4 protein chains.
Amino acid sequence: MTMDEEKKARRSIGARRNPASAEAILEAAEAVLAEGGHAGFSIEAVARRARAGKPTIYRWWPSKAALLLDVYQRQKRFAYPDTGTVEEDISAFLSALLANWRDTASGAIFRSVIAEAQSDETAAKALSTYAADRRAQTGKMIERAKARGEVAADADPTTIADLVSSFAWSRLLTGRLDTGEKELKTVARIIAQGMKEQGIKEKGGA
Amino acid sequence: MTMDEEKKARRSIGARRNPASAEAILEAAEAVLAEGGHAGFSIEAVARRARAGKPTIYRWWPSKAALLLDVYQRQKRFAYPDTGTVEEDISAFLSALLANWRDTASGAIFRSVIAEAQSDETAAKALSTYAADRRAQTGKMIERAKARGEVAADADPTTIADLVSSFAWSRLLTGRLDTGEKELKTVARIIAQGMKEQGIKEKGGA
Amino acid sequence: MTMDEEKKARRSIGARRNPASAEAILEAAEAVLAEGGHAGFSIEAVARRARAGKPTIYRWWPSKAALLLDVYQRQKRFAYPDTGTVEEDISAFLSALLANWRDTASGAIFRSVIAEAQSDETAAKALSTYAADRRAQTGKMIERAKARGEVAADADPTTIADLVSSFAWSRLLTGRLDTGEKELKTVARIIAQGMKEQGIKEKGGA
Amino acid sequence: MTMDEEKKARRSIGARRNPASAEAILEAAEAVLAEGGHAGFSIEAVARRARAGKPTIYRWWPSKAALLLDVYQRQKRFAYPDTGTVEEDISAFLSALLANWRDTASGAIFRSVIAEAQSDETAAKALSTYAADRRAQTGKMIERAKARGEVAADADPTTIADLVSSFAWSRLLTGRLDTGEKELKTVARIIAQGMKEQGIKEKGGA
DNA sequence: GGGTAATCGAGACGGTACGTCGTGTCTTTCC
DNA sequence: GGAAAGACACGACGTACCGTCTCGATTACCC
């Protein structure tokens with residue numbers, strides 16, 4: 001079936017987008033990225049692998065960044081942990097995130113998105129939006145903690161979330177995804193500890 | 001002077017590196033980056049602008065990233081603060097770093113370095129070495145705090161330094177260098193607070 | 001017209017070779033060779049002059065020599081003589097060949113081809129193929145003579161053809177294309193005479 | 001001894017040419033040519049192999065061609081055969097010449113000289129002189145035959161010699177030095193036979 | 001139900017940049 | 001002043017992709 005569909009070159013299905021081609025291109029892009037990393041990722045390589053014409057790609061994705069983003073969107077997300085304490089939540093979150101990046105193509109893909117965003121305006125905007133959304137999601141962990149009274153009332157959840165994901169980004173971008181559980185726990189503990197007294201210090205410091 | 005010196009093509013000054021060429025190449029690299037951004041930055045363009053041969057560049061800088069890093073370090077003039085408390089040290093450090101990235105070309109340059117490192121293996125290595133060095137430098141702030149008894153004895157200075165610089169990287173890479181002083185202070189406080197109790201928790205957790 | 005046609009950059013005309021590009025490249029190659037000689041002949045220079053991309057040249061001509069050979073064959077307009085006797089055929093052939101080399105650019109071009117073949121393997125192959133083809137063509141003169149009974153039945157036409165063209169090559173390579181008709185006739189006579197008795201001797205020698 | 005002399009870098013021996021360097025350069029040039037052919041032959045490669053500085057080479061040999069010619073001159077020549085009949089003389093000469101080119105570095109060297117002569121004026125002149133000298137030498141074989149009455153009185157020895165060596169050149173330049181004895185004998189026979197009747201035909205043809 | 005229009009794979013096109021090699025010139029240091 | 005050493009500006013090498021194009025075949029939609 002898959003064979004019948006993909007063995008022979010896909011053809012036009014009339015004056016409209018062929019979903020099979022779109023699918024094949026996204027899959028090929030993911031595979032190319034997983035195998036060769038950002039360095040080996042080129043429209044040519046994707047077209048070759050997808051047995052698609054370059055113009056077909058350019059028709060639907062105006063830039064490398066657009067394709068990259070679409071590929072990243074296809075990646076499925078893992079669930080946010082809810083362990084009962086914010087420290088363990090953070091630790092589990094970091095552990096799951098790094099493992100996901102390490103064990104699937106997501107890591108390579110996200111690295112590419114970030115890299116692309118440094119020179120491509122569209123990618124930058126998309127990444128910015130995406131990151132803000134993630135921070136909001138991650139912030140919910142903090143808000144839960146706040147509701148439990150684990151965290152100072154005036155601590156900003158998104159700033160804390162930012163701190164957590166910054167750490168993960170940094171490990172991704174410098175190829176240190178094999179961070180041990182112990183270090184992750186240390187980081188989680190620092191952040192969790194730091195949040196507690198937040199309010200008191202704020203008053204005193206101002 | 002500059003004219004007289006640079007008008008005619010530089011020549012070899014014997015079997016050793018010509019500092020004038022090195023200087024011209026770094027200057028040209030900076031200029032090319034400033035004008036065309038990361039996208040327009042190529043060894044060819046730098047060579048053209050510096051009136052240098054490509055092999056001269058490749059002789060001294062094995063990769064695009066190595067050159068970029070040199071340009072970055074050449075431009076960055078940056079003093080590590082020593083205020084007396086680790087919280088203020090971190091806050092001042094972040095504030096100065098982000099301001100430096102925001103107000104000079106060095107932010108754009110460092111973004112390029114990071115982007116480059118995502119596709120080029122030698123670039124990754126160069127960045128890795130550089131980042132480790134920076135962590136060690138930043139770690140000294142933490143060690144000073146430790147000596148003063150501000151920090152739990154078994155807190156790892158480089159992990160803390162990593163957390164601090166991760167935050168800065170993340171702001172750089174997502175174009176949020178205009179972070180307000182207040183937020184920086186918050187971040188500094190969280191980390192500083194978190195470090196205090198580190199030891200106790202570690203014992204309990206182990 | 002030529003202006004209108006060539007002023008703007010040629011484009012692809014679909015997934016097939018663009019004859020206009022091929023033509024422009026061959027013309028440019030000829031011009032470059034005429035102006036700079038073998039020393040100044042480079043693929044880069046041809047591409048520049050033809051306003052063609054280097055890959056377009058490499059796509060169709062695997063080596064410098066292949067391009068040179070095409071230029072040579074494009075320019076050489078050359079009819080094999082058929083005078084009725086092999087001696088006069090050879091004499092006329094040599095005379096016409098040397099005159100063609102002397103009076104047009106083709107001599108210089110063919111010199112380049114031979115020179116190129118001494119260092120480039122693919123060039124050597126290209127020349128080898130071409131030379132074998134030429135020997136076969138020239139050999140037809142001998143075969144006609146054989147049919148007329150002018151030549152011993154077991155004389156190998158290609159060996160004879162080789163002897164004839166060797167003489168021409170040697171004159172080309174040592175810049176002695178102004179060989180007088182008389183000497184050419186002498187050479188033709190020796191070879192023609194020598195062929196006659198070939199068979200008898202061969203028997204005796206074996 | 002050779003070790004002691006060559007192991008350590010040669011030094012200047014004062015304000016005059018160091019014969020050891022000249023020798024080392026010529027030997028290196030020969031070796032490079034033998035190993036890599038004309039393609040691998042470069043002043044750089046020779047300098048590397050001879051452990052000599054490039055300027056030292058340029059000081060004494062103004063061009064690649066000059067060095068090449070010097071290398072060729074160093075090759076020792078084989079003796080001209082004198083078998084008693086011109087046909088066997090020619091056959092033996094061709095056989096020895098091709099074997100020499102095939103079995104020693106001479107072949108590669110001479111190919112290079114010829115190639116170089118196609119673009120370098122100096123080399124062209126030197127080759128021209130050398131070839132004329134060789135023709136004169138080879139011509140002596142013919143003159144001996146003439147004295148024995150084997151050859152028509154008015155046959156020009158150098159033209160015949162030219163025909164013979166042309167054949168050899170052609171085989172060298174097209175990489176066909178493994179020509180069998182039989183074919184060489186055929187060629188020798190044709191030329192020898194052709195010379196006999198030379199005079200008679202000349203009269204008739206004129 | 002026949003013409004039009006947009007799609008598809010394919011791959012050539014003019015370009016730019018890659019990283020390497022060789023050129024011939026230069027200068028310094030040592031003899 | 002010769003020689004080793006090696007840096008220098010230059011420019012060609014052959015390859016990889018870029019983004020654009022034109023092609024011929026293939027439907028779906030609209031008159």
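Proteins get letters first, then strands, A, B, ... in listed order; numbering begins at 1 in each. Note that the structure is predicted; figures quoted are calculated from it, not measured.
Looking at the side chain of D:Ile43, the nearest of the listed nucleotides E:dC8, E:dG24, F:dA12 is E:dG24. Side-chain proximity of B:Tyr58 to the nucleotides F:dC18, F:dC13, E:dG19 is greatest for E:dG19. Picking from F:dC13, E:dT23, F:dA28 the nucleotide with the shortest atom distance to the side chain of D:Lys64 gives E:dT23.
A:Arg59 has its CZ atom 16 Å from the P atom of F:dG19, to the nearest Å. Rounded to whole Å, atom C1' of E:dG15 lies 12 Å from atom CZ of B:Arg48. Regarding B:Ile57, its CD1 atom lies at a distance of 13 Å from the P atom of E:dT20, rounded to whole Å. As rounded to whole Å, 6 Å separates atom P of E:dC26 from atom CZ of B:Arg11. For the pair B:Trp61 CH2 and E:dC18 P, the interatomic distance rounds to 15 Å; values are reported in whole Å. The distance from atom CD1 of C:Ile25 to atom P of E:dC13 is 7 Å, rounded to the nearest whole Å. Between A:His38 atom NE2 and F:dC17 atom P there is a gap of 13 Å when expressed in whole angstrom units. Here the C1' atom of nucleotide E:dT16 and the CD atom of A:Glu44 are 14 Å apart, to the nearest Å.
Two residues, B:Ala15 and B:Pro55, neighbour DNA chain F, and the one matched to the more 5' nucleotide by heavy-atom proximity is B:Ala15. Comparing A:Pro62 and B:Thr56 by the nucleotide of DNA chain F whose heavy atom lies nearest to each, the residue mapping closer to the 5' end is B:Thr56. Of the two residues contacting DNA chain E, namely B:Arg16 and B:Phe41, the nearest-nucleotide position lying further toward the 5' end is that of B:Phe41. The nearest heavy atom of DNA chain E to A:Ser21 and to B:Asp120 marks one nucleotide each, and the one closer to the 5' end goes with A:Ser21.
Taking both residues in full, the closest heavy atoms of D:Ala50 and D:Ala24 are given as CB-O, 3.7 Å, listed atom of the first, atom of the second, then distance.
Using modelled atom types, one finds no donor on one side chain facing an acceptor on the other under 3.5 Å when comparing D:His38 with C:Ser119.
You won't find any donor-acceptor pair under 3.5 Å spanning the side chain of C:Ser12 and the base of E:dG14, going by distance alone. The base of F:dG6 has none of its N or O atoms less than 3.5 Å from a complementary donor or acceptor on the side chain of D:Lys54.
Regarding contacts with the backbone of F:dC8, a side-chain N or O of B:Trp60 is found under 4.0 angstrom from either OP1 or OP2. In terms of phosphate contacts, A:Ser42 brings no side-chain nitrogen or oxygen within less than 4.0 Å of OP1 or OP2 of F:dA16. When the side-chain nitrogen and oxygen atoms of B:Arg10 are compared with OP1 and OP2 of F:dA9, one or more of them lie within a distance under 4.0 Å. Phosphate contact (OP1/OP2 of E:dA10, side-chain N/O of A:Arg51, threshold under 4.0 Å): present.
Taking the charged nitrogens against the carboxylate oxygens, B:Arg49 and B:Glu30 have no contact shorter than 4.0 Å, which rules out a salt bridge. Taking a cutoff of 4.0 Å between a charged side-chain nitrogen and a carboxylate oxygen, D:Arg48 and D:Glu44 qualify as a salt bridge.
Judged by distance alone, the side chain of D:Gln118 and the main-chain N or O of C:Arg111 form no donor-acceptor pair under 3.5 Å.
A side-chain contact (heavy atoms from CB on, under 4.5 Å) with C:Glu116 is found for one member of C:Asp120, C:Ile114, C:Val113 and no other, namely C:Asp120.
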